[in-house]
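Working notes, structure below.
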Amino acid sequence: MSQAIKETHFSFPGQQGFYKGKVRDVYIFEKELVVVASDRISAFDVVLPRPIPFKGQVLNQIASKFLAATSDIVPNWVSATPDPNVTIGKRCEPFKVEMVIRGYMSGHAAREYKAGKRLLCGVPMPEGMKENDAFPTPIITPTTKAMDGAHDEDISREDILAKGIVTPEDYAVLEKYTRALFQRGQEMAQEMGLILVDTKYEFGKFGDEIYLIDEIHTPDSSRYFYADGYEENQAQGLPQKQLSKEFVRQWLIANGFQGKEGQTVPEMSDEIVESISDRYIELFEKITGEKFQKAATDQLENRIEQAVLSYLS
């Protein structure tokens, strides 16, 4: 099996700090961030025990493509991608919310709907909907941005403003950018025979300007359906064929894990790890229309370290 990066422990000249996220290792400099996309995988806000080969490369390269393709809508944080697993860019001050936007009643929204709820983050969901139906118009359902492994929590626009988490002026801009980015993402997905179902965006400020940060339209932050067969599956009440991390969640649920107190993450066999890797590569090729080129993994950490040092020098 190919090597995979579970974590990195570099020490770069000029580095001022380090932050380990669920998936990314972030090296902090005065005005820049060096972000290493590891092969860690999380579900239900829990990092699973085994890394997935090539997952970091897939996420980093999909994000790079979509950030470049949406830079006319909103400026983004990226300055360079010196390695398949590395992005370097502006050190923005992040807003403490994630802007989740949903075009379809799937995933978390469907689970809440099935439980009888008709309000999600203060946004009404119409009666009579079936799982995976399209909303009349996409809905924005923000979450708080959890730190240090805590769970993200649903929050309404009203609460965000009432608690002063984001100013009304900035929040209006975040909503405008979120809708425009989602529309562009849906258009690009449609060209590839896919439906962008839901996704999340993160924003930050560099000086007084709002920038799009983190990744966009990857299988970690988004859900995709295959367009072919969507209408027939809905009419017959069948599950949709999808490309997202939902298949990992479903495998965990089937094995008795939903991230709840006292539950143990099931053991991941080599076969499961390889199948997840294959699904990530499949999504890369399907959403980008490009053949995935596996980067060399025999000296993975050294490759990444040398690429960053070369950029910094």
Side-chain angles (χ1 to χ4, degrees), residues 45 63 66-67 69-77 92-115 117-146 151-190 194-205 209-225 242 244-246:
D45 284 335
F66 282 109
L67 286 165
T70 55
S71 59
D72 60 317
I73 295 173
V74 50
N76 65 62
W77 71 289
C92 299
E93 181 63 38
F95 289 101
K96 291 183 173 62
V97 292
E98 293 183 351
M99 300 297 285
V100 180
I101 182 165
R102 304 175 185 278
Y104 294 74
M105 209 263 290
S106 303
H108 174 59
R111 289 189 281 271
E112 294 288 282
Y113 198 89
K114 202 173 282 185
K117 298 182 182 175
R118 293 297 179 268
L119 266 187
L120 185 60
C121 302
V123 181
M125 297 187 286
E127 289 289 347
M129 290 188 74
K130 300 197 307 289
E131 184 169 358
N132 301 329
D133 278 351
F135 286 113
T137 56
I139 63 172
I140 294 177
T141 58
T143 66
T144 56
K145 179 65 180 155
H151 286 265
D152 298 337
E153 300 284 349
D154 289 346
I155 190 169
S156 68
R157 179 184 196 275
E158 291 70 27
D159 279 349
I160 289 169
L161 300 181
K163 293 176 179 178
I165 299 170
V166 182
T167 68
E169 296 76 18
D170 283 346
Y171 195 80
V173 175
L174 300 190
E175 282 193 329
K176 183 184 81 169
Y177 281 157
T178 295
R179 292 195 181 280
L181 288 164
F182 190 59
Q183 184 177 337
R184 176 70 55 82
Q186 286 192 309
E187 289 164 359
M188 293 180 73
Q190 189 176 19
L194 294 172
I195 296 168
L196 177 58
V197 176
D198 52 43
T199 192
K200 71 176 179 68
Y201 303 111
E202 296 185 46
F203 299 93
K205 272 193 167 179
E209 190 165 12
I210 293 175
Y211 285 81
L212 178 61
I213 62 173
D214 199 55
E215 63 176 33
I216 67 165
H217 300 163
T218 73
D220 267 23
S221 63
S222 313
R223 188 189 322 269
Y224 291 92
F225 292 156
Q242 59 176 291
S244 75
K245 212 166 55 170
E246 186 66 19

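Every value quoted in this text rests on a predicted model; they were computed, and no experiment measured them.
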Taking the side chain as C-beta and beyond, is there a heavy-atom pair between [X] and [Y] under 4.5 Å?
X: Arg179; Y: Ile101; result: yes
X: Pro94; Y: Lys145; result: no
X: Ile195; Y: Tyr104; result: yes
X: Asp170; Y: Lys205; result: yes
X: Phe135; Y: Pro126; result: yes

Sidechain N-carboxylate O distance under 4.0 Å for Lys114, Glu112: no
Please determine whether a side-chain nitrogen of the Lys or Arg among Glu175 and Arg157 lies less than 4.0 Å from a carboxylate oxygen of the Asp or Glu. yes
Compute whether any side-chain donor of one residue and acceptor of the other, for Ser106 and Asn132, lie under 3.5 angstrom apart.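 Looking only at side-chain atoms, Asn132 and Ser106 do form a donor-acceptor pair, the distance falling under 3.5 Å.
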Does a donor on one side chain and an acceptor on the other come within less than 3.5 Å for Thr199 and Arg223?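 No, no side-chain donor-acceptor contact under 3.5 Å.
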For the [atom1] atom of [X] and the [atom2] atom of [Y], what is their distance to the nearest 0.5 Å?
X: Glu93; Y: Ile213; atom1: CD; atom2: CD1; result: 9.0 Å
X: Lys163; Y: Glu158; atom1: NZ; atom2: CD; result: 12.0 Å
X: Thr167; Y: Leu174; atom1: OG1; atom2: CG; result: 8.0 Å
X: Asp214; Y: Glu98; atom1: CG; atom2: CD; result: 7.5 Å
X: Ile216; Y: Phe66; atom1: CD1; atom2: CZ; result: 7.5 Å
X: Tyr171; Y: Ile140; atom1: OH; atom2: CD1; result: 6.0 Å

Could you walk me through whether Leu196 and Phe182 satisfy the side chain to side chain contact (heavy atoms under 4.5 Å, CB included) test, starting with their C-alpha distance in whole Å, then the side-chain angles of each, then the deciding distance to 0.1 Å, before giving a yes or no? CA-CA 8 Å; Leu196 177 58; Phe182 190 59; 3.7 Å; yes
Hey, would you say the His108 and Tyr113 ring centroids sit under 6.0 Å apart?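 When the ring centroids of His108 and Tyr113 are compared, they turn out to be at least 6.0 Å apart.
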Strictly distance-based, threshold 3.5 Å: is any side-chain N or O of Asn76 a donor or acceptor partner for the main-chain N or O of Ser71?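 No: the side chain of Asn76 does not pair with the backbone of Ser71.
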Spell out, as yes or no, whether a donor-acceptor pair under 3.5 Å connects the side chain of Thr144 to the backbone of Glu153. yes
Taking everything shown except Glu209 itself, do over 12 heavy atoms lie less than 6.0 Å from its CD?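 Atom CD in Glu209 is packed in, count exceeds 12.
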Tell me, yes or no, whether the heavy-atom count around Gln186 atom CD, taken from other residues, nucleotides or ligands under 6.0 Å, exceeds 12.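 Atom CD in Gln186 is packed in, count exceeds 12.
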With ring-ring contact (aromatic ring centres under 6.0 Å, His included) as the criterion, how do His217 and Tyr201 come out once you've worked through the C-alpha distance, each side chain's angles and the decisive distance to 0.1 Å? CA-CA 9 Å; His217 300 163; Tyr201 303 111; 5.5 Å; yes
Of all the heavy-atom pairs spanning Ile155 and Thr143, show the shortest one and how long it is.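 Looking at all heavy atoms of both residues, the closest pair is CG2-C, 3.9 Å.
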Stepwise side chain to side chain contact (heavy atoms under 4.5 Å, CB included) test for Val100 and Arg102: CA-CA 7 Å; Val100 180; Arg102 304 175 185 278; 3.8 Å; yes
